[in-house]
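Below, read A as the first sequence line, B as the second, and so on, with proteins coming before strands; counting in each chain starts at 1.
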There are 2 protein chains.
Amino acid sequence: MEFKEAKNKFVQTWGALGSQWGINKTMAQIHALLMVSSEAVSMEDVMEELQISRGNASMNLRALMDWGIVYKEYKAGERREFFTAEKDLDELAVKIARERSKREIKPALKILKEVSSIKASDSIEEKHFIDQTTKLYDFVLKADNVLDKITEYKDNWLTKLVVKFMK
Amino acid sequence: MEFKEAKNKFVQTWGALGSQWGINKTMAQIHALLMVSSEAVSMEDVMEELQISRGNASMNLRALMDWGIVYKEYKAGERREFFTAEKDLDELAVKIARERSKREIKPALKILKEVSSIKASDSIEEKHFIDQTTKLYDFVLKADNVLDKITEYKDNWLTKLVVKFMK
DNA sequence: TTAAACTTTCAAAAATAAATGAAAGTTTAT
DNA sequence: ATAAACTTTCATTTATTTTTGAAAGTTTAA
């Protein structure tokens, strides 16, 4: 396999993986492309390499920046903007984890708290509902807290996790 | 908020959450419904409660069983099948983690190994590609191994993680 | 200012994913 | 064996998500 083929395969695979995780394909592909680019890449280049429209490139680059995993760069004497991806993997994972916690877990917790707080009637059905959603709330809260703690380490959190957990 | 409203809110929320995680909405809704049901539920009931077609119910129940988080139950003297969800949250999380590892992480690792193994030319571009994909491979492999180890505990893995990590 | 060079927005179109429902398949009781 | 009771399959339809591209917006240089 030669370089161009490998690069393409990587971008495609990362894109497919993205869509299994609720991130759209193009967004994941752009991220993949930037990850393996040694130089900052212009929007024009992204469009060209992935064969996508200007609007698509613009919107997905913006979304990646909102996630904090892609940065704008300005080159001296160049008018157009260039983009680079967060390349440190610990940092990348931490940012993704924090963002998903904020966007998905926290709102879900709020709902779980709400629905588990209804006053119980005598029916087994309702008792079970309250019991199960309460357990779920506790579980998700605990998991979210662990995630928080882990990502606090920032650098080498994975290594630290290995050390703490494997021994 | 009264029971019916709370139940509905829970099912809807779980469904929305599912789609952000690559699971289809109905599948997540069925799972939610079964999770909070004290009794095993028939396909007919699922169709009725979620207002979905027979085919849809059948296919998604099957998918949930493939994931190992929903079980068929047979009631004496009843011809039709009933379904229950895995209600133990530790067990549920372990099954989901293992299945996603098998379906998504393992295949991704295979590709990462492949593309990071191309022979390097002298260009900075290619060197960077190999370097970055190799790092990614190592990182994902390490993460997958930690996941493996954690889920080996099965019961109370989360509690154990809290204990090990918070101290 | 003006205009060139660039980016963003968003309504419409295209692509993709999910749901339907009727026919085919299966199981069980008689 | 037959038929009733139930489940599964899958071609077609429907709904959702993503992409396009042209117009509007912004920035910079002169």
Side-chain angles (χ1 to χ4, degrees), chain A residues 11-34 40-67 70-84 103-104, chain B residues 11-34 39-67 70-85 103-104:
Chain A
V11 170
Q12 295 306 320
T13 304
W14 215 239
L17 214 61
S19 38
Q20 284 171 318
W21 284 83
I23 287 149
N24 92 46
K25 197 183 64 181
T26 304
M27 190 169 151
Q29 286 182 345
I30 295 176
H31 184 251
L33 181 64
L34 297 184
V41 171
S42 71
M43 204 158 92
E44 208 74 35
D45 292 339
V46 170
M47 289 165 57
E48 169 65 24
E49 286 235 37
L50 302 179
Q51 290 291 305
I52 57 172
S53 71
R54 192 170 295 285
N56 200 2
S58 173
M59 289 180 85
N60 285 113
L61 280 166
R62 151 66 70 105
L64 284 163
M65 288 191 293
D66 288 347
W67 275 77
V70 160
Y71 314 112
K72 257 187 194 166
E73 249 179 38
Y74 299 94
K75 288 192 183 177
E78 278 272 16
R79 183 108 154 227
R80 70 216 148 115
E81 299 165 341
F82 291 81
F83 300 89
T84 43
R103 294 183 192 207
E104 295 153 23
Chain B
V11 169
Q12 295 307 320
T13 304
W14 214 238
L17 214 59
S19 38
Q20 284 172 316
W21 284 82
I23 287 148
N24 91 47
K25 195 184 66 183
T26 305
M27 190 171 152
Q29 286 181 344
I30 295 177
H31 183 251
L33 182 63
L34 297 184
E39 288 283 308
V41 171
S42 71
M43 203 157 92
E44 209 73 37
D45 292 340
V46 171
M47 290 164 58
E48 169 65 25
E49 285 235 36
L50 302 179
Q51 290 292 304
I52 57 173
S53 71
R54 193 171 293 287
N56 198 4
S58 173
M59 290 181 85
N60 283 301
L61 280 165
R62 153 65 71 103
L64 285 163
M65 288 190 294
D66 289 347
W67 274 78
V70 160
Y71 313 112
K72 256 187 195 166
E73 250 179 39
Y74 299 94
K75 286 193 185 176
E78 279 271 18
R79 183 108 154 226
R80 72 215 147 114
E81 300 164 340
F82 291 81
F83 301 89
T84 42
R103 294 183 193 208
E104 295 153 24

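Judged by the 6.0 Å distance and 45° axis criteria, B:Arg62 is not positioned over the aromatic ring of B:Trp67.
In this structure, the side chains of B:Ile52 and B:Ile30 come closer than 4.5 Å at one or more pairs of heavy atoms. In this structure, B:Val70 and B:Thr84 have side chains that are not in contact, with every pair of non-hydrogen atoms separated by 4.5 Å or more. For the pair B:Leu17 and B:Gln20, the minimum side-chain heavy-atom distance is below 4.5 Å. Within the 4.5 Å cutoff, no side-chain heavy atoms of A:Phe83 are placed close to those of A:Glu73.
Residue A:Gln20 contributes atom CD, which lies 15 Å from atom C1' of C:dT16 at whole-angstrom precision. Spacing between atom CZ of A:Arg62 and atom C1' of C:dC10 amounts to 14 Å, rounded to whole angstrom units. In this structure, the CE atom of B:Met47 is 14 Å from the P atom of C:dA19, given to the nearest Å. The CG atom of B:Leu61 sits 16 Å away from the P atom of C:dA18 (whole-angstrom rounding). Rounded to whole angstrom, the span from the NZ atom of A:Lys75 across to the P atom of C:dC6 amounts to 13 Å. With rounding to whole Å, B:Glu78 atom CD is found 14 Å from C:dT28 atom P. Residue B:Arg80 contributes atom CZ, which lies 10 Å from atom C1' of D:dA5 at whole-angstrom precision.
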Protein-nucleotides 12-14 of chain D N/O pairs under 3.5 Å:
none

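The C1' atoms of five pairs define one axis at each end of the helix from C:dT1-D:dA30 to C:dT30-D:dA1, and these two axes lie 20° apart (to 10°).
Checked by atom type, the side-chain pair B:Asn56/B:Ser53 shows no donor-acceptor distance below 3.5 Å. With 3.5 Å as the limit, one finds a donor-acceptor pair spanning the side chains of B:Trp21 and A:Glu104.
In this view, B:Glu44 and B:Arg54 satisfy the salt bridge (charged side-chain N to carboxylate O under 4.0 Å, His left out) rule, not counting sequence neighbours. Partners of B:Tyr74 according to the side-chain hydrogen bond (donor to acceptor under 3.5 Å, both in side chains) rule, which considers only residues two or more places apart in sequence or in another chain, do not exist here. Residues satisfying the side chain to side chain contact (heavy atoms under 4.5 Å, CB included) criterion with A:Ala32, sequence neighbours excluded, are A:Phe10, A:Val11, A:Trp14.
Separating the CG atom in A:Leu34 from the CD atom in A:Gln29 is a distance of 12.0 Å, to the nearest 0.5 Å.
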Under 4.0 Å protein heavy-atom contacts per nucleotide of nucleotides 18-30 of chain D, with B for base, S for backbone only and - for none = SSBB-----BB--
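Comparing A:Met43 and A:Ser19 along DNA chain C, the residue whose closest nucleotide (by nearest heavy atom) sits nearer the 5' end is A:Met43.
Among the atoms of the strands shown, only primed sugar atoms or phosphate atoms (P, OP1, OP2) are found under 4.0 Å from some heavy atom of B:Glu81.
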